[in-house]
Amino acid sequence: MAKLTINEAAQGFTHKLAFDYVDLQTTGFISTLSAANQRYVGSLPKGGIVDTAVLYQVVDPAGASNLTIDFGVTGADPDEFLDNGDVDGATQVIWNTGDAFVGTDSGTETTSNVVNGYANNTTSAKLMIMEFNGTVADLTAGSWVLAWRQMECPTQ
């Protein structure tokens, strides 16, 4: 049996992006990629899996009341890991709200056939995208950590 890596043994997050309201207001931090207000935050190689994702609120936002976050791999709507998270309405965390974690049946949530993560079953890597929407220019406070656990299949 293969020895567990430190990340597998610790069961913690393997990747993160820390940012605050000043970063969001800095030109180029978020920009138009496949859609407006996006940022590449990583890459998921072929065979890679994301089994948990969270936006942790370190400092409550102030000055804007329409903030949302999406996080995933689909350019036009990156919502596999986090979907339409209400950032200014959250008390501390937005966790696993994306399509890869919430099963749906004709657009409504269900407990049958629930997916518990996202696997990149393609032949190439996929870019991971954070989309942060809202009136970020009005922010006067706010600090967050976007974190996820990513596992990669070892090569033969």
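Computed over heavy atoms, backbone and side chain alike; hydrogens, waters and symmetry mates excluded. In this text the structure is predicted, and so the values were computed from the model without any measurement.
Between the Asn120 side chain and the Gly47 main chain, no donor and acceptor come within less than 3.5 Å of each other. Here the side chain of Glu80 pairs a donor or acceptor atom with the backbone of Val73 at under 3.5 angstrom. Looking only at distances, a side-chain donor or acceptor of Gln57 sits under 3.5 Å from a matching main-chain atom of Ala90. With hydrogens and angles disregarded, a donor-acceptor distance shorter than 3.5 Å links the side chain of Thr122 to the backbone of Ser124.
Between Ala18 and Asp23, the shortest heavy-atom distance links the atoms O-OD2, 4.3 Å. Of all non-hydrogen atoms in Pro61 and Trp144, the two that sit nearest each other are CB-CZ2, 3.8 Å. For Phe101 against Gly117, the heavy-atom pair with the smallest separation is CE2-CA, 3.5 Å. Summarising the geometry of Asp70 relative to Asp77, their closest heavy-atom pair is OD2-OD1, 3.4 Å, with the distance given to 0.1 Å. Pairing each heavy atom of Asn66 with each of Asp88, the nearest pair is N-OD2, 3.3 Å. Here the closest heavy-atom approach between residue Val145 and residue Lys16 is recorded as CG1-CB, 4.1 Å.
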Criterion side chain to side chain contact (heavy atoms under 4.5 Å, CB included) on Asn84 and Thr97, from CA distance to verdict:
CA-CA 8 Å; Asn84 201 33; Thr97 59; over 6 Å; no
Hey, mind stepping through Met130 and Phe19 against side chain to side chain contact (heavy atoms under 4.5 Å, CB included) and telling me if it holds?
CA-CA 12 Å; Met130 173 185 78; Phe19 60 99; 3.8 Å; yes
Test side chain to side chain contact (heavy atoms under 4.5 Å, CB included) on Leu127 and Leu33; report intermediate values, then the result.
CA-CA 11 Å; Leu127 292 171; Leu33 302 173; over 6 Å; no
Go through the steps for Asp99 and Asp83 under the test side chain to side chain contact (heavy atoms under 4.5 Å, CB included), then give the verdict.
CA-CA 7 Å; Asp99 293 348; Asp83 185 19; 3.7 Å; yes
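Annotation: the span from Glu131 atom CD to Asn37 atom CG amounts to 6.5 Å, rounded to 0.5 Å. Note that the OG atom of Ser43 and the CD atom of Gln150 stand 7.5 Å from one another [nearest 0.5 Å]. Distance check: Ile69 CD1 to Asp86 CG gives 11.5 Å after rounding to the nearest 0.5 Å. Here Trp148 contributes atom CH2 and Met128 contributes atom CE; the two are 5.0 Å apart, rounded to the nearest 0.5 Å. Distance check: Leu82 CG to Thr68 OG1 gives 11.0 Å after rounding to the nearest 0.5 Å. For the atom pair CG (Leu24) and CG (Asn133), the distance works out to 10.5 Å, reported to the nearest 0.5 Å.
When the side chains of ILVMFWY residues are joined at heavy-atom separations under 4.5 Å, either directly or via intervening members, Phe29 and Tyr21 end up in a single hydrophobic cluster. Using a 4.5 Å cut-off between side-chain heavy atoms of Ile, Leu, Val, Met, Phe, Trp and Tyr, with links allowed through other members, Val22 and Val41 fall into the same hydrophobic cluster. Note: the hydrophobic cluster containing Leu44 also contains Leu55 (ILVMFWY, side chain heavy atoms under 4.5 Å, direct or indirect links). Leu17 is connected to Val136 through a chain of hydrophobic side-chain contacts under 4.5 Å among Ile, Leu, Val, Met, Phe, Trp and Tyr, so both are in one cluster.
Just one residue in the list Val54, Val87, Leu146 forms a side-chain contact (heavy atoms from CB on, under 4.5 Å) with Ile94, and that residue is Val87.
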